[in-house]
2 protein chains.
Amino acid sequence: MPKSSVSKLVPKVPPLPSVPGMSRRQQFSASTKKTLVEVAEKLFTEHGYASTSLDAIVAGAEVTKGALYHHFSGKQALYEVVFEKVEAATAQSIDAAMRETKDPWEQARAGLRTFLEAVQQPTYRRIVVQEGPAVLGYQRYREQEERSTFTVVEDIVAAVLRAGDRTVDGEMVATFARLFFGAMSAAGESVAEASNPEEAAERVELAVTYLLTGVQTLAQQGVKVEDMR
Amino acid sequence: MPKSSVSKLVPKVPPLPSVPGMSRRQQFSASTKKTLVEVAEKLFTEHGYASTSLDAIVAGAEVTKGALYHHFSGKQALYEVVFEKVEAATAQSIDAAMRETKDPWEQARAGLRTFLEAVQQPTYRRIVVQEGPAVLGYQRYREQEERSTFTVVEDIVAAVLRAGDRTVDGEMVATFARLFFGAMSAAGESVAEASNPEEAAERVELAVTYLLTGVQTLAQQGVKVEDMR
DNA sequence: TACTGAACATACCGACGGTATGGCCAATAG
DNA sequence: CTATTGGCCATACCGTCGGTATGTTCAGTA
């Protein structure tokens, strides 16, 4: 058998970009772990948590369950890593969008708009909104959100609220933030599911703007949240 | 062996209340089906969908899997029946609370308050809010909600909105309803999870009232949703 | 009285999450 | 340069669970 035909069976593998301060062995390890997470993210998004088998994941990553269970304690732990990754990316994109303007009101609109876009991404929808609470349990789900996306939304809400009423305490801000966060999540689902997503998204923006404007108007009139009792 | 000792091994069973127009056989059948649903509701609420095995359900109902698969096409179908039952009960309780007053604004407050209470019930939280979207899939989940609880919320929102702005179309009402529905669901979770649920519930009521008051104020000033563009 | 079909029970299968064990080889000490 | 160790991963296997195929009983009916 000629050498040339043999060499085709051993395709050249692109050398891993050498990361300083990391041995070759560690780089291989990190690579497989990264691949596992990426494949898991893809499959979880497409088929959901329950319908995605570990066999499918390790097959996609071209490893075995031994590798998976070396890097993660189980299926749920792998899901949590994927969850955090998706969350972090979303929070970061919102943060970036808000940094593009200085005006607080414009920042709020930009942030909410970006959140509305993010919440329509299949990955975020499936992994965070739809299956997150069920897979992680609401406790862990909330703990995770608290450290990323929700915090961003809370900052936005706080800015809008305090612009008019400086007496609102932290608990009240958190409550408003919860309401808006839940509202936007649900809205994202309905937008993504709508027959005409663009129109639906615009309706949501109108509605949210209307609500926020109402809040601002009340605040300008000196009406405090406390007065609602 | 004396008769008395034997009779203790055959405990008297309370006779089934005879339902007119239903043969005894049909009554037994309906009874096992009902029992299966009730046991399933209990176990699904306590342990969640994935952690509740069919063996546990049929053991609790004192039947076998043959009976279960005779009445339901599978685990998910059983879950859907439980889901619909819980949903229907919730919608009905909201409806009842609203009928106690005639004033639209008071009806809205009563309805929202009842919804906020319902959304704190462990059964509703676990089966509908937390695991509903993941187990049924968002499509079926929304279809079910559309036929019960969401419709009630939509009616409330419509009443409040149209009181001020008669030009809002149905799509816009539905959008507002989606926002409020999602907001209330998320709020219910945070309330139920809070260290002091009563305080948390009151904060939510304050916030919602503030939002609705803002909407009303805008409407009284003649500000239409359309003007937000 | 014979018979049919509804209402279950029983036994079993395949898929899947998880575990126990062993092998390979880069990194490091001597 | 050699021996040894431990991180990294493959292989084989187990228990559980959802689902199915088949058998059995018996109330209702002709």
Side-chain angles (χ1 to χ4, degrees), chain A residues 13 15-16 18-40 43-44 46-82 131 134-137, chain B residues 13 15-16 18-40 43-44 46-82 131 134-137:
Chain A
V13 138
L16 288 177
S18 82
V19 179
M22 217 176 181
S23 73
R24 273 188 57 225
R25 192 181 177 81
Q26 286 174 321
Q27 290 179 38
F28 278 116
S29 175
S31 171
T32 58
K33 185 171 183 176
K34 184 160 172 276
T35 304
L36 277 170
V37 172
E38 289 170 351
V39 172
L43 294 182
F44 281 148
E46 290 173 358
H47 309 112
Y49 180 79
S51 299
T52 299
S53 71
L54 293 185
D55 287 333
I57 295 177
V58 298
E62 290 175 298
V63 292
T64 64
K65 285 207 280 191
L68 194 154
Y69 273 89
H70 175 76
H71 289 287
F72 309 95
S73 63
K75 189 182 184 182
Q76 177 154 341
L78 174 57
Y79 188 88
E80 290 195 28
V81 172
V82 173
E131 301 203 321
V135 175
L136 301 186
Chain B
V13 140
L16 287 177
S18 83
V19 179
M22 219 176 179
S23 73
R24 272 186 60 223
R25 191 180 176 84
Q26 285 174 320
Q27 290 179 38
F28 279 116
S29 174
S31 170
T32 58
K33 185 170 183 177
K34 185 160 172 272
T35 304
L36 278 170
V37 172
E38 288 170 351
V39 172
L43 295 182
F44 282 148
E46 290 173 359
H47 313 300
Y49 180 79
S51 298
T52 299
S53 70
L54 292 186
D55 286 335
I57 295 176
V58 298
E62 290 176 300
V63 292
T64 64
K65 286 208 281 190
L68 195 154
Y69 273 89
H70 175 75
H71 288 288
F72 308 95
S73 62
K75 191 182 184 182
Q76 176 154 341
L78 174 57
Y79 188 88
E80 291 196 27
V81 172
V82 174
E131 301 203 319
V135 175
L136 302 186

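In the text below, chain A, chain B and the rest are named by the order of the sequence lines, each starting its count at 1. Note that the coordinates shown come from a computational prediction; the quantities given were computed from them, not determined experimentally.
With sequence neighbours left out, the side-chain contact (heavy atoms from CB on, under 4.5 Å) criterion links B:Ala40 to B:Phe44, B:Ile57, B:Leu78, B:Val82. The ring pair (Phe, Tyr, Trp, His ring centres under 6.0 Å) test applied to B:Phe72 returns no partner, not counting sequence neighbours.
Screening B:Thr35, B:Val37, B:Leu36 against B:Val39 for a side chain to side chain contact (heavy atoms under 4.5 Å, CB included) leaves a single residue, B:Thr35.
One can place CG of A:Leu68 at 14 Å from P of D:dC8, the figure rounded to the nearest angstrom. The OH atom of B:Tyr49 sits 9 Å away from the C1' atom of D:dG18 (whole-angstrom rounding). Taking atom OH on B:Tyr79 and atom C1' on D:dG19, their separation rounds to 20 Å, with Å as the unit. Here D:dG18 presents its P atom at 15 Å from CZ of B:Phe72, a figure rounded to the nearest Å. A straight line from CG of A:Leu36 to P of D:dC8 spans 13 Å, rounded to a whole angstrom. In this structure, CD of B:Gln76 is placed 14 Å from C1' of D:dG19, rounded to the nearest angstrom. For A:Tyr69 and C:dG18, the OH to P distance is 3 Å, given to the nearest whole Å.
Listed pair B:His70 / C:dA7 meets the phosphate criterion, a side-chain N or O lying under 4.0 Å from OP1 or OP2. Checking the phosphate oxygens (OP1, OP2) of D:dG7, no side-chain nitrogen or oxygen of A:His71 falls inside 4.0 Å. In this structure, A:Thr32 does not reach the D:dC8 phosphate: none of its side-chain N or O atoms is under 4.0 Å from OP1 or OP2.
Sorted by first and then second residue, the side chain to side chain donor-acceptor pair (under 3.5 Å) pairs with a member in residues 60-77 of chain B read B:Thr32-B:His71; sequence neighbours excluded. Residue pairs satisfying the side chain to side chain donor-acceptor pair (under 3.5 Å) criterion with at least one member in residues 47-58 of chain A, sequence neighbours excluded, are absent. Sorted by first and then second residue, the salt bridge (charged side-chain N to carboxylate O under 4.0 Å, His left out) pairs with a member in residues 30-40 of chain B read B:Lys34-B:Glu38; sequence neighbours excluded.
Among the nucleotides D:dG18, C:dA7, C:dA9, the one closest to any side-chain atom of B:Lys75 is D:dG18.
Listed by residue number, the members of residues 52-66 of chain B with any heavy atom below 4.0 angstrom from DNA chain C are B:Val63, B:Thr64, B:Gly66.
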